[in-house]
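Keep in mind that what you see is a predicted model, and the values were worked out from it rather than measured. Order of the sequence lines sets the chain letters (A, B, ...), proteins ahead of strands, with each chain counted from 1.
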Amino acid sequence: MDAEAILTGLATGDGWERRCDGSWAEVDDLDPRAMTRLLSKAEARWVTLTVIPAGEGFRLIYHWDLDGELLNIATTITGSCVPTIADLLPAAEWVEREMHDYYALEFLGRDETPALMLRPDDEPGLFSRTQDLGRDVDPAEYDERAAAECAGTAGAVTTPERGPS
Amino acid sequence: MSPVIPVGPYHPALEEPYKISLDCEGETIRDADIEVGFNFRAIEWLAERKNYVQALTLVERVCGICSNVHTLTLSRAVETIAGLEVPERARYIRVIVAEAERLHSHLLWAGVACELIGFQTLFMTCFALREQVMDVLEAISGNRVNYAMNRPGGVNRDIVDPAGVLAAARSIRTATERQLIPVLTTDRTVHARCAGVGLLTREDALALGAVGPTARASGLGQDIRRSAPYEIYDRLDFEVPVLTDGDVLARVTVRALEIVESCRIIEQAVEGMPEGPWSSRDFPRVPAGEACARIEGPRGEVFYYVASDGSDVPKRVRIRTPTFQNMPTVRPMVRGMTLADAPLIQASIDPCYSCTDR
């Protein structure tokens, strides 16, 4: 099964966009489980899942390797729920737990999603909760502001505009 | 009674923190549970708050052994977004340093494995060979770790003594072929500790997404240098060793053979390295866009996804390291093995927990 047959199987009208860093496809209403069955049957190797916050939802990019060709299958979801593929593909077990840690993504169908990078009592969604932190200030200045906040003197360091690198 | 024996997360025998809980029936391991994250530093989060120059320095700290591969992968992703051409000499330098890094990583691992096997003299042989590589890397970059060689558009330093690099590569290749490989593949002690131990089938390797030497020792022939060549690898003559036994001995042998291939690659790259510039003059302005980059690191495929919104700070940096995929393979490997084999089995994937935790 080649990349074209994969897209046909995913029932998307658009073809692959061939780039120097692999083949890309944007698929509306992607069924991750159907995708996983299809690619597993083709003996594609799982690479990873990239999650990008996008408004009220997320853009998900499933990365696979098919005979050396990097396939990047992207979809956008509203909300924070997506079907699990870990029961179909053990290779995805850790990355689902990792993305739960970072973005509190719920992978529907899992019995449980234990923390991977965080500790068991930590609240999931670390990156989502802190997404605005540190973005509008110079990182070095941010360290000082964070230290000031820890010391109970928040506001002692003013927030500078980001300058050119 | 079925005792669960916890090892880690902090243990004198572990170089880095992680925890493996071994569910045993007598001396036999029935199952294992692996916990990571004890060295979690949120490097992806941090990289999205630093400009590209700072992010390069940051990702070099993902791993203390394969640090070079992280700056190379990030640089290549940025080059793809920015449409940057890399000078020809820089491509050769990148390959030479990357293969030197693979040499020192594989020799370090071989030494550690020999110590775990109980073969102290071979451990010393491996580390003596590795010291030659460390000298080369120090001569090129000024550092024994964190070489700071790569930047988008080229490299930060030239190789001013290619003859010295060539001599070291030839010396290591000769010693590996004459000493290391014969002992590792024929010695009774090595065979007794490694053959038939820690089996990973091809099916399990694929299902768990194993990469690098771990996958290649289980019959999966993928090597990014061959399957999706970058820099100058498509012009070089080298073999990708693949074995099908799937045991510790196969993983030992694959890495030993890869040492020879890395030396051959370095020799070809040094001899073919053209004159010319080795870096673009200015750090590039990165336009809006996204790109993936993959490099075959010492432990396997390193994957980066980078998204830019056109500012000097990356919008998203995703890093997937080889051990992140390889670590879960330890579970099927230890099932049915004896407790005494567990340290060697987990070491046989050449794990890096700093990489895994990022």
Taking side chain as everything from C-beta outward and backbone as N, CA, C, O, which of these in R97(A) sits under 4.5 Å from a heavy atom of chain B? Side chain, backbone, both or neither.
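Neither part.
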Which answer fits S40(A), side chain, backbone, both or neither, if we ask what part of it has an atom under 4.5 Å from a heavy atom of chain B?
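Neither part, no heavy atoms under 4.5 Å.
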Any idea which of P328(B), A307(B), A205(B) has the most non-hydrogen atom pairs under 4.5 angstrom with chain A?
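Of the options given, most contacts go to P328(B).
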Would you please classify the geometry between the Y102(A) ring and the F40(B) ring as parallel, tilted or perpendicular, with 30° and 60° separating the classes?
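It falls in the parallel class, under 30°.
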Specify the closest pair of heavy atoms between [X] and [Y], including all atoms of both residues, with the distance to one decimal.
X	Y	value
V47(A)	E301(B)	CG1-OE1, 3.7 Å
Y305(B)	I61(A)	CE1-CD1, 3.6 Å
L133(A)	R49(B)	O-NE, 2.5 Å
D21(A)	C292(B)	OD2-N, 2.8 Å

Reported [atom1]-to-[atom2] distance for the pair [X] and [Y], which is rounded to 0.5 angstrom:
X	Y	atom1	atom2	value
L208(B)	R45(A)	CG	CZ	12.5 Å
R358(B)	M117(A)	CZ	CE	5.0 Å
F38(B)	R119(A)	CZ	CZ	4.5 Å

Give the C-alpha distance, both sets of side-chain angles, the deciding distance and a yes or no for side chain to side chain donor-acceptor pair (under 3.5 Å) between R318(B) and T48(A).
CA-CA 10 Å; R318(B) 172 84 180 116; T48(A) 196; 3.0 Å; yes
Carefully, step by step, assess W94(A) and I34(B) under the rule side-chain contact (heavy atoms from CB on, under 4.5 Å).
CA-CA 11 Å; W94(A) 274 23; I34(B) 298 164; 4.1 Å; yes
Please check if the number of heavy atoms outside E85(B) that lie under 6.0 Å from its CD is greater than 12.
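For E85(B), atom CD is not crowded (no more than 12 foreign heavy atoms under 6.0 Å).
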What residues of residues 226-234 of chain B sit under 4.5 Å from chain A when you count only heavy atoms?
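Result: S227(B), A228(B).
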Residues of residues 73-93 of chain A contacting chain B, heavy-atom criterion under 4.5 Å, by residue number
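Within residues 73-93 of chain A, the residues under 4.5 Å from chain B are L89(A), P90(A), A91(A).
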Is [X] in contact with chain A via its backbone, its side chain, both, or neither, using a 4.5 Å heavy-atom distance?
X	answer
I224(B)	side chain
R76(B)	neither
R331(B)	neither
S311(B)	neither
E290(B)	both
F324(B)	both
A293(B)	neither
A210(B)	backbone

For D23(B), salt bridge (charged side-chain N to carboxylate O under 4.0 Å, His left out) partners two or more places apart
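If we apply the salt bridge (charged side-chain N to carboxylate O under 4.0 Å, His left out) test to D23(B), skipping adjacent residues, the hits are R30(B).
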Give the member of L70(A), D101(A), I52(A), L116(A) that has the highest number of heavy-atom pairs under 4.5 Å with chain B.
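If we count pairs closer than 4.5 Å to chain B, L70(A) comes out on top.
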Flag the one option from L126(A), L118(A), V95(A) with the top tally of heavy-atom pairs under 4.5 Å to chain B.
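The candidate making the most pairs under 4.5 Å is V95(A).
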Between E98(A) and R320(B), is there a side-chain N and carboxylate O pair less than 4.0 Å apart?
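Result for this pair is no, no salt bridge flagged.
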Please list, chain by chain and in numerical order, all residues satisfying side-chain contact (heavy atoms from CB on, under 4.5 Å) with A90(B), sequence neighbours excluded.
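A90(B): side-chain contact (heavy atoms from CB on, under 4.5 Å) contacts with V86(B), P87(B), V155(B), W278(B).
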